[in-house]
Structure formats: C-alpha cells, structure tokens
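Written out below as structure tokens is the structure these notes cover.
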Amino acid sequence: MLTLYTFPTPNGHKASILLEELGLSYAVHRVDLAAGENKRPDFLALSPITKIPALVEELPGGRVRRLFGSGAILLHFAERTGRLMPEDPDERAEAMSWFMLGVSDLGPTAIDMQRFAARAPDRIPHAIDLYKGELMRCYAALEERLGAVEHLAGAYSIADVACFPFIAAAAVAGGGLLDRFPNLKRWHDTVAERPAVRRGMAVPD
Ligand SMILES: N[C@@H](CCC(=O)N[C@@H](CS)C(=O)NCC(=O)O)C(=O)O
C-alpha cells in the first residue's frame with residue numbers, strides 16, 4: 001500500500017505522474033501548504049525538510065518505508081520496476097543527467113525565481129535578474145536537447161517526468177515561454193497528452 005503526501009505543485013505532480021505512469025495504486029493525502037500542514041509534527045516525521053512530496057510504503061510484516069523529495073520517489077520506483085529508465089549505459093547517462101537538471105536546477109531555480117519575483121516583500125532586481133538568467137539557462141539547455149531527440153533521454157523516462165511539471169507551470173503562468181522555445185513546446189504538448197500525465201497533473205484534485 002502506497003500513500004502519497006502531496007499538494008498541487010510541480011514537485012507534487014512529478015510524484016503523481018510517476019505513480020500513474022507505472023500503474024501503481026496509491027492513496028493520496030493532501031498536505032495543505034497554504035494552511036501550514038507541512039509544518040505539523042506528523043508530517044515532519046515523513047519529510048524532515050517539511051516539503052511535499054513524501055510517500056509512505058507499507059511493507060509486509062508491518063514495516064513502513066518512507067521516501068521524501070520528488071527525486072528520491074522517481075528514482076526509487078524507476079529502479080524497483082525497471083521502467084522509465086533506459087538500460088543502455090549511454091542512454092542511462094543521458095537520462096540521469098537530464099533527470100538531475102530537472103531536480104537540482106530547473107525546479108529549485110523556478111521556485112526561487114517565484115519567491116523573489118512574486119512573493120518577496122521588497123523588490124530586489126539583482127535577485128530577480130539572477131534567477132531569470134538561471135532559468136533561461138535551463139530552458140536553453142532543454143530547447144537545444146529537444147531539437148535533437150524526441151524525449152530527453154531518447155525514449156520517455158523519469159528525466160521527462162522530472163522536468164515536465166515545471167515547464168507546464170511556466171507555460172500557464174504566461175510570458176510566452178513556449179512561443180520562444182519551439183522544441184520545448186513540441187515536447188511539452190506531446191508529454192501533456194499522455195493519459196498518465198493528465199491524471200497525475202490532477203492530483204490532488
Ligand atoms: N527537493 C524537493 C523539493 C520539494 C519542494 O520544494 N516542495 C515544495 C512544493 S513544490 C514545498 O513543499 N514547499 C513548502 C515549503 O517550502 O514550506 C523535491 O524535489 O521534491
């Protein structure tokens with residue numbers, strides 16, 4: 001039995017897309033970030049950094065395994081199932097590289113950009129320019145790669161799952177991201193059409 005602790009944000013959506021893609025059955029526990037539910041002691045026990053997503057796996061013998069962070073959840077289930085991660089060493093190296101770009105560059109940069117551009121009490125132009133520039137580096141890298149391959153590691157993989165929700169969020173935020181990056185748009189539109197992605201993006205509803 002799997003329980004996903006989540007909220008409708010890009011990192012939460014990575015985990016729900018992954019579970020949907022793998023056809024794993026799971027319960028959803030909504031952690032209302034706006035109400036500060038992530039700071040409650042019961043959630044702290046699951047996610048020491050008090051961020052969603054987290055996942056609890058009930059194992060035989062009453063054992064419980066917890067995972068926190070979208071990267072850990074994606075890697076864990078790709079390894080366990082042998083799916084959404086290429087076997088060929090060269091393709092695997094590409095998949096890992098783009099997966100990490102999604103987890104450690106694109107996601108954190110997009111969140112920090114949002115913090116400075118939309119939520120900071122004072123406008124700090126240097127911080128906004130810095131994060132805008134870093135985000136552009138991510139988009140430019142993805143755009144170039146997607147001009148050469150259909151998906152980030154060739155075949156659809158956890159690399160795509162790790163990047164898609166942040167690109168989808170930027171696309172709906174306005175600013176014409178997908179008009180400026182045609183390869184990214186082609187990839188975004190293809191991934192968005194996947195039934196598992198549609199279902200995962202609607203969690204929690
Ligand atoms: N490294 C984590 C980051 C998770 C994260 O930033 N989660 C955000 C929502 S997208 C969150 O829970 N924010 C609540 C907070 O910062 O208090 C991952 O990749 O999943």
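Atoms within a ligand are numbered from 1 in the order they appear, just like the ligands themselves. Worth saying up front: this structure is predicted, and the values here are computed from it rather than measured.
- Note on Glu21 versus Arg83: no salt bridge recorded, every NZ/NE/NH1/NH2 to OD/OE distance being 4.0 Å or above.
- The minimum heavy-atom distance linking Met113 with Leu135 is given by the pair CG-CD2, 3.9 Å.
- With salt bridges taken as basic N to acidic carboxylate O contacts below 4.0 Å, none links Arg186 and Glu143.
- Sorted by first then second residue, the side chain to side chain donor-acceptor pair (under 3.5 Å) pairs that include residues 157-180, not counting sequence neighbours, are Asp160-Trp187.
- Protein residues with any heavy atom under 4.0 Å from ligand 1: Thr9, Asn11, Leu33, Asn38, Lys51, Ile52, Pro53, Gly69, Ser70, Ile111, Arg115.
- Clustering of Ile, Leu, Val, Met, Phe, Trp and Tyr side chains at separations under 4.5 Å places Val31 together with Tyr5, Phe7, Leu33, Phe43, Leu46, Ile52, Val56, Val64.
- Taking the side chain to side chain donor-acceptor pair (under 3.5 Å) definition, one finds that Asp88 meets it with nothing, sequence neighbours left out.
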